[in-house]
Amino acid sequence: MAAIDAVLNGEAGIAPARSAFYDRRSIAPSPATPWLPFDLALLAQNGVPPGPLLAAMRRAELTGCEPLDALIASGAIAEDSIIEALAHGLGARVADGSDHDGPPIDAEMCGQALRSGHVLLFDTAGRLTLHVAARGRHMAQLALDARGRRMTIAVSSPRAFADLVIARAGHALAAHASEGPSLVDPSLSVRDGLPAVDARLRFVVAGLTFAAFAATFALDIAGGMVLGMTSLLFATLNLFRLYVACTPPSPERPMRRDDDRTLPVYTVLVPLAREAAVVPGLMAALERLDYPPEKLDIKILVEAGDAETLFALERRPPRAGVEVLMLPPGGPRTKPRALNAGLIAARGRYLAVFDAEDQPEPGQLREAIQAFATGPTDLACVQARLAIDNIGDGWLARQFAIEYAALFDVVVPALARLGLPIALGGTSNHFDVKVLRKVGGWDAGNVTEDADLGLRLARFGYRTGAIASTTFEESTTRLKPWIRQRTRWMKGFMVTTLVHALNPRGLGRLGALNLAAAGALVGGVALTALAYPAVLALFVWRAIDGSLLAPAESLAGMTFAGLCGASLVIGYSTALACAWMGLERRGLGRLTGDLALMPAYWLLVGIAAWRALWQIAKGETSQWEKTAHGVSRRRTPHP
């Protein structure tokens, strides 16, 4: 700090040893720019005014980053001007579109290049060129070393460099991104479909469905068996839900604000697919993150053919330093495949995932880092809370808000405190990057890649925690899109259950309680969603034919009926209790009246579950039904 203050005050005689930034090779000082490091001195000698350069050095000392990164992140000088000045000072050229042509590179080389910011590439004539991104502390030294060997140097902005590397990787990157956990254990991936699912399953599903409903309505014995099995299932889940509801969340610790110089580089992945409507709000939300921008490795992941989103990003471009990665075509075209491509390029020690419509609280990254720093050594992920902020859009949005309040303000914090597995939400997950790579990233064929990854982390012996920071999301407002979205979720829960159940090797390390919790969170949710319409239909039918309230013919029959009724009542009660607690904690007590209509909402979930099961039976395991965002005009604004 003292050295930078002296420069800004015009004092002379600054010793290079006063700051680590001056330890690198530098150009002889001038009165305007004394003791600038090599890269900034090049800029000064090629027309860049000294004010932004000195401000970048001051910012670099405050945040512990490189001065060039601070300069680019500040936006004080246009990126194109910085690139041209660096290229001219180095006797290099600015990379252009012609560099995209040449021999392809593999996915490993692509990842190394995107993380390091440099790569050696041959052009179509067989000439070797060192391509360097204007980022990080190695840029100037690499260029100098190459110049000493008379090697051709091409300088790019970080985004242009990423475009170049991805263009050269092409199909290799697309194929690698689709592999995910199959690189670790092929049996834990469904990118090629479920091996146990074939054409015969659709007939089995249809037959079981017909038999269940026919037996329920026509045969007393079969109907009793259906009711008995579902009551047992509901009772088990009710006990689990009651156990969770009675577990208080961990006490919130005061937020500690770490020195910016100690903060690591943090990667943020934001996959976008036909999201033009939400781009302006998303860019504003990312710019509000309370984290040194020089240490943010933000990557916007867009399919190369998504013209509408790319056009929106041109109209409302991200701030300087944010990379837009245009992913090469390949299949399956899913969110997890895009996330795997981002993971390949991630430079951070930690990584967060945000969705297109997300509005995270600004301090969320700092809170996640504090959780990792104070948590157990096996902590691999922390889940932030999700909340719906467009409750003015009608009944569906209000029910969605109630559901999220119960899950993320009651259930998830309790699971984290108990050390039980957590089926992650699809956004605001924060990962230790080393662990995330170790377990294979995301399954590109699983349409609830978040729930699968949460279970896979537990399966490999890692813990998931929770933080109190909130990310606000938009609920769907119309029934048809809601059914499609919930079908995708239910299908993913069923597929995840099948994947892990069909591969029991490794489940033993979970322990009995963790295994039961994992089953209840994923498979149990799907099973109860399937059972609920049938049970409801049974009660309605028995009420119509008068047998529901008829006296039992035996003590055993009376006991059985009592247990079934008690299970149903307790199920409603525990669900309502979790929802009520969530609303109180979320400050949405005004929605308490909507709790009475939750059973109708569950019926819609059941319809979506049966639709999901039919899609699985047809082999549409990885079919991704996209949810449109930006449809609400009643979202609560967030500072």
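Residues take their numbers from the sequence shown, with the count starting at 1.
When atom types are taken as modelled, the side chain of R488 and the backbone of E625 share a donor-acceptor pair closer than 3.5 angstrom. Between the side chain of K335 and the backbone N or O of G426, at least one donor-acceptor pair lies under 3.5 Å. Panel note: side chain S622, backbone G445; a donor-acceptor pair is recorded below 3.5 Å. Between the side chain of Q615 and the backbone N or O of Q623 there is no donor-acceptor pair closer than 3.5 Å. Of the possible polar contacts, none joining the E303 side chain to the M326 backbone as a donor-acceptor pair under 3.5 Å is found. Using modelled atom types, one side-chain atom of R437 and one backbone atom of L343 make a donor-acceptor pair closer than 3.5 Å. At least one donor-acceptor pair under 3.5 Å links the side chain of W610 to the backbone N or O of L530. A side-chain donor-acceptor contact under 3.5 Å links Q399 to the backbone of D594. No side-chain donor-acceptor contact under 3.5 Å links Y291 to the backbone of V265. Proximity of a side-chain donor or acceptor of S182 to a complementary backbone N or O of S189 within less than 3.5 Å is not detected.
No side-chain donor-acceptor contact under 3.5 Å links R398 and S475. No hydrogens or angles considered: nothing links the side chains of D450 and T448 as a donor-acceptor pair under 3.5 Å. Side-chain contact check for D358 and T471: no donor-acceptor pair (N or O, by modelled atom type) lies under 3.5 Å. Of the N and O atoms on the side chains of D393 and S632, at least one donor lies less than 3.5 Å from an acceptor on the other residue. In summary, the side chains of Q364 and H430 do present a donor paired with an acceptor at a separation below 3.5 Å, with no hydrogens or angles considered. Using a 3.5 Å distance cut-off with no hydrogens or angles, the side chains of R337 and S178 do not pair a donor with an acceptor. Checked by atom type, the side-chain pair N429/Q383 shows a donor-acceptor distance below 3.5 Å. Side chains of D355 and H629: a donor-acceptor N/O pair is absent below 3.5 angstrom, by distance only.
Distance check: L603 CG to L597 CG gives 12.5 Å after rounding to the nearest 0.5 Å. Distance check: L286 CG to I298 CD1 gives 5.0 Å after rounding to the nearest 0.5 Å. One finds the CG atom of L269 at 4.0 Å from the CG atom of L351 (value rounded to the nearest 0.5 Å).
Note on D290 versus R366: salt bridge recorded, some NZ/NE/NH1/NH2 to OD/OE distance being below 4.0 Å. Salt bridge R486/E403: present, at least one basic N to carboxylate O contact under 4.0 Å. For the pair R635 and E473, the salt-bridge criterion is not met [side-chain N within less than 4.0 Å of a carboxylate O]. For the pair E308 and R274, the salt-bridge criterion is not met [side-chain N within less than 4.0 Å of a carboxylate O]. A salt bridge is absent between E287 and R319; no separation between the charged side-chain nitrogens and carboxylate oxygens falls under 4.0 Å. A salt bridge links D409 with R385; the closest basic N to acidic carboxylate O contact falls under 4.0 Å.
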Query raised in the report: Could you walk me through whether T470 and R586 pass the side-chain hydrogen bond (donor to acceptor under 3.5 Å, both in side chains) check?
Result: CA-CA 10 Å; T470 298; R586 180 52 52 188; 3.1 Å; yes

Report task. Show the numbers, then the answer: is there a side-chain contact (heavy atoms from CB on, under 4.5 Å) between E275 and K626? Result -> CA-CA 10 Å; E275 302 284 10; K626 177 79 174 69; 2.6 Å; yes

**Report entry** L604 vs L479, side-chain contact (heavy atoms from CB on, under 4.5 Å): CA-CA, chis, key distance, verdict
**Finding:** CA-CA 9 Å; L604 295 178; L479 182 58; 3.9 Å; yes

Report task. May I have the step-by-step check of side-chain contact (heavy atoms from CB on, under 4.5 Å) for I300 and L325, ending in yes or no? Result -> CA-CA 6 Å; I300 311 297; L325 302 188; over 6 Å; no

Report task. May I have the step-by-step check of side-chain contact (heavy atoms from CB on, under 4.5 Å) for K438 and F460, ending in yes or no? Result -> CA-CA 9 Å; K438 184 177 180 180; F460 279 81; 6.0 Å; no

**Report entry** Derivation and outcome, salt bridge (Lys or Arg N to Asp or Glu O under 4.0 Å), residues K299 and E323
**Finding:** CA-CA 5 Å; K299 300 184 188 299; E323 298 174 17; 2.9 Å; yes

**Report entry** Full working for salt bridge (Lys or Arg N to Asp or Glu O under 4.0 Å) between R456 and E449
**Finding:** CA-CA 10 Å; R456 192 158 12 102; E449 76 294 335; over 6 Å; no

Report task. Take Y350 and F372 through the ring pair (Phe, Tyr, Trp, His ring centres under 6.0 Å) test and state the conclusion after the steps. Result -> CA-CA 9 Å; Y350 300 109; F372 281 115; 4.6 Å; yes

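Contact check for P599 versus Y532: side-chain heavy atoms found under the 4.5 Å cut-off. A heavy-atom distance below 4.5 Å is not found between the side chains of F400 and W395. The side-chain heavy atoms of Q359 and T636, taken from C-beta on, include no pair separated by under 4.5 Å.
At least one cation-pi condition fails for R585 and F408: the charged atom is not both under 6.0 angstrom from the six-membered ring centre and inside a 45 degree cone around its axis.
Residue E108 qualifies as open at atom CD: its count of foreign heavy atoms under 6.0 Å is 12 or below.
Residues Y572 and W602 place their aromatic rings such that the two centres sit under 6.0 Å apart. Centroid-to-centroid, the aromatic rings of F431 and W442 come within less than 6.0 Å.
By the side chain to side chain contact (heavy atoms under 4.5 Å, CB included) test, A312 pairs with A276, V279, sequence neighbours left out. Under the salt bridge (charged side-chain N to carboxylate O under 4.0 Å, His left out) criterion, R347 pairs with D297, not counting sequence neighbours.
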